[in-house]
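Residue numbers begin at 1 in each chain, while the letters A, B, ... track the order of the sequences.
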Amino acid sequence: MKQADATSLLACVSQSYEKAPAGLEITTAFRKLGGWDSLAAVLLVARLHAEFGVTVSAGELAECDTVQDLLAMTLKKTGVQA
Amino acid sequence: MEARAEGIRWAGMAAAVPRHTEILDPEVFRRFSSATGILRRRLCPPDLYFSDLALAAAERLLADLDWKKREIGVLVVLTQSPDLAYPATACILQHRLGLSTSCAALDINLGCSGFPYGLFVAGRLLGEKKGSKGVLLIGDAAGKPNPASPQPPLFGDAAAAVAFERQEGSSPLFFSLHTDGSGWDLIMERRPGGKPGFEQSVFSSAVDGQGLVHVNTQHRMLGEDVFNFSARTVPGAVREALVQRGWSADSVDAFVFHQASRLINENIRKSLGLDPVKTPCTLEDFGNTSSATIPLTMVDQLGPLLRERHLRLLLCGFGVGLSWGTLTCDVGPMVCPALVEV
């Protein structure tokens with residue numbers, strides 16, 4: 001399993017949309033961008049599991065406003081200091 | 001719960017699907033099809049129901065087996081698409097099939113985990129006398145269009161029939177059945193008058209051209225947590241089943257999983273390190289057919305092999321409940337007609 005970082009998390013989030021959104025950054029409220037839907041959420045959770053070995057519940061994902069929040073949670077789950 | 005069922009011969013199986021095929025528009029559903037693996041699905045027209053598919057599968061199977069209807073002592077119907085709230089669809093199908101009134105008939109309300117559960121219960125009900133016969137009818141019409149509640153095209157319609165009889169010396173069937181009701185609300189559909197309440201605020205209804213009422217049944221599926229559940233439980237359940245039998249994965253001819261979605265099923269396959277050749281799949285042509293996915297996949301993908309020779313199989317259903325189960329068996333050759341279209 002690889003280590004999560006800003007670049008890899010941004011890629012995970014970006015690839016979950018129908019079309020990669022313009023202007024997606026670490027501080028972006030990714031669920032508020034146009035094109036985010038329930039399928040995107042499932043794809044993201046599956047990607048996080050496959051790439052970093054972490055399990056993120058629907059409730060936990062809903063608590064992440066930004067990609068930064070998601071990165072912090074992913075690192076915490078893998079026992080790494082953010 | 002682990003159990004070993006002795007003296008039950010798996011005599012045959014059949015599956016039935018509606019003739020009508022919906023092809024998913026690749027322009028509209030490219031991303032959906034990529035995630036789920038679904039390109040087409042079979043859907044019941046307005047006047048066709050799960051019970052009709054089940055009847056067709058049963059009639060074909062019993063004819064090919066040349067079994068007398070009056071000899072069937074057990075009829076278990078496992079579905080979440082019953083004809084009515086009550087009576088049980090099994091009672092209606094006992095009548096429609098022309099079975100004896102000495103036949104025990106009942107419904108089981110389970111979905112994706114249903115096949116191992118259904119076969120276990122049906123086998124347990126089987127009479128002790130040599131030659132006692134039973135039938136399991138299983139499946140759903142969960143994809144049938146509802147004008148009041150359009151759903152993503154994940155589900156398809158199908159039913160299957162399994163015929164079994166008491167025969168000492170038959171290769172035992174091993175079951176492992178599980179439940180985690182803490183996940184009851186991850187996949188659910190409400191019922192007017194039920195719990196939790198059927199909310200006016202999200203209720204909608206439509207009346208079709210024939211004057212029939214359709215309602216929004218407030219179906220819900222939390223995809224993220226369903227994925228997590230499958231990733232968390234299924235590989236472990238499969239490994240436990242192999243240990244239970246003392247089997248190596250290499251010795252198994254096929255692992256037939258509930259066909260949930262490509263995302264879920266590929267994750268399971270990779271977690272277990274299984275060759276795709278050993279994990280037959282019917283998502284592309286039929287979608288997720290609920291409790292029918294396992295028998296439908298067996299008939300559609302393994303039918304010729306099942307007719308000709310012995311197969312060592314590990315079957316695993318998982319989903320709504322949350323509920324999951326495995327069945328390991330050495331079966332075949334058996335009667336297994338080609339897919340029935342209704």
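Judged by distance alone, the side chains of B/T297 and B/T282 do bring a donor and an acceptor atom under 3.5 Å apart.
For the pair B/E22 and B/R42, the salt-bridge criterion is not met [side-chain N within less than 4.0 Å of a carboxylate O]. Ion pairing between B/D253 and B/K278 fails under the 4.0 Å rule for side-chain N and carboxylate O.
The backbone N or O of B/D185 sits less than 3.5 Å from a side-chain atom of B/R220, completing a donor-acceptor pair.
Heavy atoms of B/R30 lying under 4.5 Å from chain A belong exclusively to its side chain. With a 4.5 Å cut-off on non-hydrogen atoms, A/A58 touches chain B through its backbone and its side chain both. Contact of A/A40 with chain B is made through backbone and side chain together, with heavy-atom distances under 4.5 Å.
Heavy-atom pairs under 4.5 Å with chain B were tallied for A/L39, A/L61, A/L43; the largest tally goes to A/L39.
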